[in-house]
Visitor: 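First the structure, which I've put down as structure tokens, then a few questions once you've had a look.
Lettering of chains follows the sequences in order, A, B, ..., and the numbering in each one begins at 1.
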Amino acid sequence: MAKVKNNKLKARLPRGFTDRAAADIRATDEMLAKIRTVFERYGFDPVETPAFEYTDCLGKFLPDTDRPNAGVFSVQDDDEQWMSLRYDLTAPLARHVAENINEIQLPYRTYRAGYVYRNEKPGPGRFRQFMQFDADTVGAAGVQADAEMCMMMADTMEALGLKGQYIVRVNNRKILDGVMEAIGLGGEEDGERRLTVLRAMDKYDKFGSEGVALLLGEGRKDESGDFTAGAQLSQAAIEAIVEILDATAIDDLIDDTNNLTFKTAALSKFAVNKHFEDGFRELKLINDLVEGAGYMSDRIKIDPSVVRGLEYYTGPVYEAELLFDVTNEKGEVVQFGSVGGGGRYDGLVKRFTGRDVPATGFSIGVSRLATALKNLGKLGTDDVVPPVLVTVMDGDTEALGRYQKMTQALREAGIRAEMYQGNWKKFGNQLKYADRRGCPLAIIQGSDEREAGEIQIKDLIEGKRLSGEITDNVTWRESRPAQITVKETELVERVKAMLAEQAEDRAKAGN
RNA sequence: GCAGACGUAGCUCAGUUGGUUAGAGCGUCGGAUUGUGGCUCCGAAGGUCGGUGGUUCGAAUCCACCCGUCUGUACCA
């Protein structure tokens with residue numbers, strides 16, 4: 001006989017995507033609710049945009065080709081226009097604001113959560129579909145809007161139970177622009193090298209000063225032997241940049257008592273320029289604003305090594321970082337990086353409107369943060385009790401109706417309950433099902449009980465405990481452990497009482 | 001994309017220098033037990049050894065290419 005087997009379709013999930021189970025969904029919902037509460041309290045309103053956008057609105061066409069960037073999932077509509085799945089929530093917001101600019105009251109304060117998609121190589125904790133939760137203020141030019149964002153990020157982290165375990169670090173793109181200019185990379189033609197330098201700086205967490213110094217100079221070889229080309233900067237420039245990265249506060253770098261001057265050895269070989277000065281002034285202002293509101297440097301801190309978002313940020317940039325080690329399911333400490341970040345993007349809406357519409361906002365990586373919270377035990381404690389199972393002894397219509405009625409009575413009393421929907425003829429399987437689902441109780445009524453106007457309530461949790469003491473199956477079956485007989489009319493009341501007892505036991509065990 | 005490692009049952013893995021019919025544990029299903037979960041015992045199903053081509057009398061084993069997974073690295077709005 002030929003093997004039909006070969007025709008079987010292989011069930012497989014696209015790589016970088018994941019299915020989420022009940023506990024995960026409930027935990028994430030809980031987390032989203034906490035974040036939303038903070039954003040609402042700050043006076044932000046929700047808005048939702050779709051997963052797809054026209055690719056040109058996302059600004060992701062490759063230069064010199066008519067195809068979108070490979071990093072975004074793209075399809076062609078039936079009129080041949082390119083559409084792409086959004087890769088963040090900021091570009092679609094800019095589109096939404098631009099398209100509705102006449103109806104929207106600026107400054108527009110808004111938040112939204114949603115999945116975003118990146119066509120990149122997935123890794124541990126890195127997916128091709130993941131959730132972000134964003135908040136933005138559109139149409140506010142002053143740095144007080146940026147300061148507010150930083151404070152809201154800090155409040156969000158605390159609402160999630162992370163008080164004292166995070167830091168919001170703030171920098172300004174103008175500072176970095178000033179540095180680029182100072183080391184001679186300020187020109188139009190140096191764009192590519194500037195990017196290389198910024199990317200190298202962004203690797204500071206990963207490779208430390210030495211690794212970054214290599215990337216700024218000759219280049220770096222990784223452990224598999226692969227070589228990454230460097231930015232070929234001068235020794236003086238490399239040292240100056242490393243000084244910035246090593247600095248823990250901006251005051252370590254700058255003396256502002258009389259005019260602005262660099263304090264450190266390598267940096268002071270370069271002159272302070274306009275960009276740098278502007279950036280510095282803005283940072284100072286943010287610092288004063290947040291401190292004035294009571295957010296000291298243990299929560300929000302100026303840090304000149306923050307790089308972030310190379311493309312569209314124009315001013316202040318900020319990110320939230322966790323201060324504890326995150327271990328994965330294998331027990332290894334993983335490089336976690338930031339769990340959220342953002343900044344000022346003054347040019348994004350202008351692309352559509354031609355009008356200056358300054359904006360600032362940040363994004364929380366929901367999936368990553370959820371992983372971290374789970375590790376801390378601050379999330380994922382699934383306290384939803386599985387349903388009470390009403391077992392089926394007789395399958396005739398009338399009997400089924402009675403079981404269904406019992407189930408309904410429990411539901412009406414606010415108790416999760418279900419009638420067994422499998423093959424009722426194998427009664428053992430019904431209890432096996434209940435056991436594996438973790439059902440707290442099973443309701444049993446056969447013809448004997450029926451005639452006596454009674455039902456049996458079986459405590460499956462207590463029964464499981466007792467099973468350890470019984471080795472003989474006949475005894476196990478006949479003793480009907482943890483099972484009581486009650487009047488049919490007392491069903492709801494007795495079930496309620498037994499569930500309450502179990503809840504009490506769980507609470508005790510938890511302490 | 002680049003570099004390296006690895007692909008054997010649903011899962012975790014054995015499989016000798018290339019040699020008969022590719023194994024184990026766990027899980028699944030059936031039975032012992034038609035009205036009672038767990039334990040125990042008995043039995044069964046489940047594999048074109050990632051794919052294709054090549055070398056060979058003979059390939060899970062050797063070679064080439066492809067696909068996939070993992071690790072590092074690049075890119076990451």
Visitor: So what does A:D459 hit on the nucleic acid, given a heavy-atom distance under 4.0 Å: a base, only sugar-phosphate, or nothing?
Guide: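 Here A:D459 touches the bases of the nucleic acid.
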Visitor: Quick check for you: among B:G35, B:U73, B:G37, whose closest atom lies nearest to any side-chain atom of A:R220?
Guide: B:U73
Visitor: Determine, answering yes or no, if A:Y87 is stacked on B:A77 under the 5.5 Å centre rule and the 30° plane rule.
Guide: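 Base of B:A77: stacked against A:Y87.
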Visitor: Classify the side chain of A:R199 versus the base of B:C75 as yes if they form a donor-acceptor pair under 3.5 Å and no if they do not.
Guide: no
Visitor: Could you tell me which residues satisfy side chain to side chain contact (heavy atoms under 4.5 Å, CB included) with A:E469, sequence neighbours excluded, listed by chain and number?
Guide: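 In terms of side chain to side chain contact (heavy atoms under 4.5 Å, CB included), with neighbours along the sequence ignored, A:E469 is linked to A:R465, A:L466.
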Visitor: Given Watson-Crick or G-U pairs with both distances under 3.5 Å, what dot-bracket string fits RNA chain B, with | for other-strand pairs and [ ] for crossing?
Guide: (((((((..((((.....[...)))).(((((.......))))).....(((((..]....))))))))))))....
Visitor: So A:D448, base contact, sugar-phosphate only, or nothing? Heavy-atom distance under 4.0 Å.
Guide: base
Visitor: Could you check whether any side-chain N or O of A:Q404 sits under 3.5 Å from a backbone N or O of A:M419, counting only pairs where one atom can act as donor and the other as acceptor?
Guide: no
Visitor: Hey, does A:S447 reach any base, or is it just sugar-phosphate, or nothing, if we go heavy atoms under 4.0 Å?
Guide: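 Base: the residue A:S447, judged by heavy atoms under 4.0 Å, touches a nucleobase.
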Visitor: Considering every strand and a 4.0 Å limit on heavy-atom distances, what is the contact class for A:G428: base, sugar-phosphate, or nothing?
Guide: sugar-phosphate
Visitor: At under 4.0 Å between heavy atoms, what does A:T228 touch on the DNA or RNA strands: base, sugar-phosphate, or nothing?
Guide: sugar-phosphate
Visitor: Tell me, do A:Q456 and A:I443 make a side-chain contact under 4.5 Å, heavy atoms counted?
Guide: no
Visitor: Within the side chain of A:N100, is there an N or O that forms a donor-acceptor pair under 3.5 Å with the backbone of A:H96?
Guide: yes
Visitor: Checking only heavy atoms, does the side chain of A:E449 share a donor-acceptor pair with the base of B:G35 at less than 3.5 Å?
Guide: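 Yes.
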Visitor: Base, sugar-phosphate alone, or nothing: which one does A:K121 contact when heavy atoms must sit under 4.0 Å apart?
Guide: base
Visitor: Can you figure out which of B:U73, B:G37, B:C75 approaches the side chain of A:N473 most closely?
Guide: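 Looking only at side-chain atoms, A:N473 lies closest to B:G37.
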Visitor: Take A:G16 and A:W476, find for each the nucleotide of RNA chain B with the closest heavy atom, and name the residue whose nucleotide sits nearer the 5' end.
Guide: A:W476
Visitor: Should A:K426 be listed as having a side-chain N or O under 4.0 Å from OP1 or OP2 of B:G37?
Guide: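 No, no such contact exists.
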Visitor: Would you mind classifying the nucleic acid contact of A:K464 as base, sugar-phosphate or nothing, using non-hydrogen atoms under 4.0 angstrom?
Guide: base
Visitor: Using a cut-off of 4.0 Å on non-hydrogen atoms, how would the nucleic acid contact of A:F207 be classed: base, sugar-phosphate, or nothing?
Guide: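 Sugar-phosphate, no base atom in range.
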Visitor: Measure the distance from CG on A:N429 to P on B:U28 and round it to the nearest whole Å.
Guide: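 A:N429 atom CG is separated from B:U28 atom P by 12 Å.
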Visitor: Please determine whether any donor N or O and acceptor N or O are separated by less than 3.5 Å between the side chain of A:Q483 and the base of B:U36.
Guide: yes
Visitor: Just to be sure I understand the rule, does A:V474 reach a base, reach only the sugar-phosphate, or reach nothing, if contact means heavy atoms closer than 4.0 Å?
Guide: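 It contacts nothing in the nucleic acid.
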Visitor: Assign A:K458 to base, sugar-phosphate, or nothing according to its heavy-atom contacts below 4.0 angstrom with the strands shown.
Guide: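 Contact class for A:K458: base.
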Visitor: Determine, step by step, whether A:Y115 and A:F130 satisfy the ring pair (Phe, Tyr, Trp, His ring centres under 6.0 Å) criterion, reporting the C-alpha distance in whole Å, the side-chain angles of both residues, the deciding distance to 0.1 Å, and the verdict.
Guide: CA-CA 5 Å; A:Y115 282 113; A:F130 56 96; 8.8 Å; no
Visitor: So does A:E120 reach the base of B:A74 with its side chain, donor to acceptor, closer than 3.5 Å?
Guide: no
Visitor: Tell me, please, which residues at least two apart from A:L214 pass side chain to side chain contact (heavy atoms under 4.5 Å, CB included).
Guide: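 By the side chain to side chain contact (heavy atoms under 4.5 Å, CB included) rule, A:L214 matches A:R220.
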Visitor: Less than 4.5 Å apart, side chain to side chain, heavy atoms only: is that true for A:W82 and A:Y54?
Guide: no
